[in-house]
Amino acid sequence: MRVGLLTGGGDCPGLNAVIRAVVRKGERHYGDELVGFLDGWKGVLERRTMPLDVERCRGLLPRGGTILGTTRTNPYKLDGGSQKVLDNLRAEGIDGLIAIGGDDTLGVAEKLAREGLVVVGVPKTIDNDLSATEVTFGFDTAVQIASDAIDRLHTTAESHDRVMVVEVMGRHAGWIATQAGIAGGAAEILIPEEPFDIDAVCARLKGRHDRGRYASLVVVAEGAAPVEGTMETQSGELDAFGHVRLGGIANRVAREIEERTGFETRVTILGHIQRGGTPTAFDRILATRFGVAAIDAVHDGAAGQMVALQAGQIVRVPLGDAVGKSKTVDPDLYHGVAEVFFG
Ligand code: F6P
């Protein structure tokens with residue numbers, strides 16, 4: 001078979017590990033010819049490709065980013081885009097396609113499968129907000145980076161008796177904030193799923209101070225928002241793909257904390273540090289398992305399916321079950337565990 005691969009959306013550690021696994025099993029086990037499309041769906045629209053073989057994939061396992069490049073281009077948002085994708089894949093002689101991405105990329109894959117293309121999805125996002133899989137690769141690495149940062153901030157916060165507000169990624173879901181916050185011993189965790197009450201947050205921080213210690217770590221997901229009408233926020237500008245560019249809620253929260261409590265407060269926005277560099281061992285293994293399962297799925301003709309992790313096993317689920325609805329933080333984890341340590 002001639003099998004195509006692409007990576008779309010925001011990059012994340014482990015993408016190269018998936019590519020390596022697909023190529024290894026495809027070439028050595030099935031005798032496939034593998035071809036990478038550059039920059040996500042954009043490369044399919046423009047017929048920009050890269051031949052992939054085992055030799056080309058040497059050294060890729062621990063390398064962050066994606067050798068194929070990535071964009072957020074969505075052919076369904078361009079005039080005649082989806083037809084062009086189908087025509088170009090036919091012209092390239094592609095028998096099956098593996099799309100590695102998050103909600104947007106896999107949403108395109110799902111629609112193309114309905115038009116008869118053998119396309120299989122691999123779930124990726126550091127945000128871990130994709131449905132139908134318990135976890136996406138890249139998330140564990142992001143949590144590790146964020147909790148390492150929180151550990152470092154603790155010691156400087158203690159030395160200066162300060163409040164440290166740390167902003168982590170998480171547009172629709174606060175998985176990184178919740179897990180890194182638990183791992184790092186945060187005094188407050190603000191996530192998109194739970195609009196926060198700044199009065200209550202400040203009261204709890206004051207309570208810590210009254211008990212004699214107020215070096216506090218407040219972890220804020222970039223998509224967190226206050227209860228309506230309780231605090232002013234700025235609405236973000238849009239990027240080229242119509243997504244609101246987030247970032248900055250930590251500055252607003254820090255200003256409120258300082259004004260309302262009088263505690264000296266500093267802000268750290270982790271940003272793309274969370275997406276760069278080498279994947280953790282967990283992410284390398286998950287990415288490798290997904291890659292092997294994806295090429296198997298192509299050979300089984302599993303059009304419109306996504307490989308997923310459920311109860312520790314790699315399974316196939318319809319792409320339609322994964323896209324269009326965010327997997328939000330488990331309330332038991334947030335209220336039942338994280339919240340126990342607030343204040
Ligand atoms: O891929 C998901 C994500 O990392 C979000 O957490 C974040 O809001 C967004 O991507 C940032 O996108 P960009 O890299 O385009 O600024």
Side-chain angles (χ1 to χ4, degrees), residues 6-18 39-42 64-66 68-74 77 99-109 121-131 133 135-147 149 166-181 189-193 219-225 233-253 268-280 283 286-287 290 306 322-329:
L6 63 84
T7 53
D11 73 330
C12 99
L15 285 166
N16 283 325
V18 178
D39 303 329
W41 295 111
K42 193 166 192 274
T66 162
L68 294 178
T70 182
T71 63
R72 297 190 196 273
T73 298
N74 182 334
K77 290 187 178 157
I100 312 166
D103 197 66
D104 285 344
T105 308
L106 299 182
V108 173
V122 177
K124 158 261 44 157
T125 164
I126 64 160
D127 290 355
N128 195 36
D129 60 353
L130 206 70
S131 295
T133 184
V135 69
T136 47
F137 66 88
F139 171 63
D140 184 68
T141 306
V143 170
Q144 190 60 55
I145 292 168
S147 45
V166 193
E167 184 175 300
V168 298
M169 282 187 171
R171 179 170 285 265
H172 306 293
W175 286 103
I176 299 176
T178 304
Q179 297 221 1
I189 302 172
L190 312 182
I191 62 173
E193 294 89 332
V219 180
V220 186
E222 61 182 350
T233 50
Q234 283 167 342
S235 53
E237 51 180 307
L238 298 185
D239 69 12
F241 303 98
H243 296 179
V244 176
R245 189 166 290 146
L246 297 174
I249 182 68
N251 287 314
R252 287 291 302 118
V253 167
T268 302
I269 298 179
L270 289 182
H272 291 80
I273 297 264
Q274 296 159 95
R275 261 177 32 197
T278 189
T280 58
D283 278 337
L286 182 60
F290 278 164
M306 181 186 87
V323 300
K325 43 195 173 288
S326 290
K327 179 184 69 194
T328 50
V329 170

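Both counts, for ligands and for their atoms, begin at 1 and track the order of listing.
Within the 4.5 Å cutoff, the side chain of D127 has no heavy atoms near those of the F139 side chain. Looking at heavy atoms from C-beta onward, T105 lies out of side-chain contact with I100 at the 4.5 angstrom threshold.
Under 4.0 Å from ligand 1, the heavy atoms of R275 that appear belong solely to its side chain.
The minimum heavy-atom distance linking K124 with F137 is given by the pair CB-CZ, 3.5 Å.
Less than 4.0 angstrom separates some heavy atom of R171 from each of these atoms of ligand 1: 8 (O). Of all atoms in ligand 1, numbered sequentially from 1 with element shown, those under 4.0 Å from a heavy atom of R72 are 9 (C), 10 (O), 11 (C), 12 (O), 13 (P), 14 (O), 15 (O). The distance from ligand 1 to the heavy atoms of G170 drops below 4.0 Å at these ligand atoms: 6 (O). Close approach of ligand 1 to H272 (heavy-atom distance below 4.0 Å) involves ligand atoms 13 (P), 14 (O), 16 (O).
Stacking of K77 on the aromatic ring of W41 is not recorded, the 6.0 Å distance cut-off and the 45° axial limit not both being met.
Remark: R275 engages D11 in a salt bridge, criterion side-chain N to carboxylate O under 4.0 Å.
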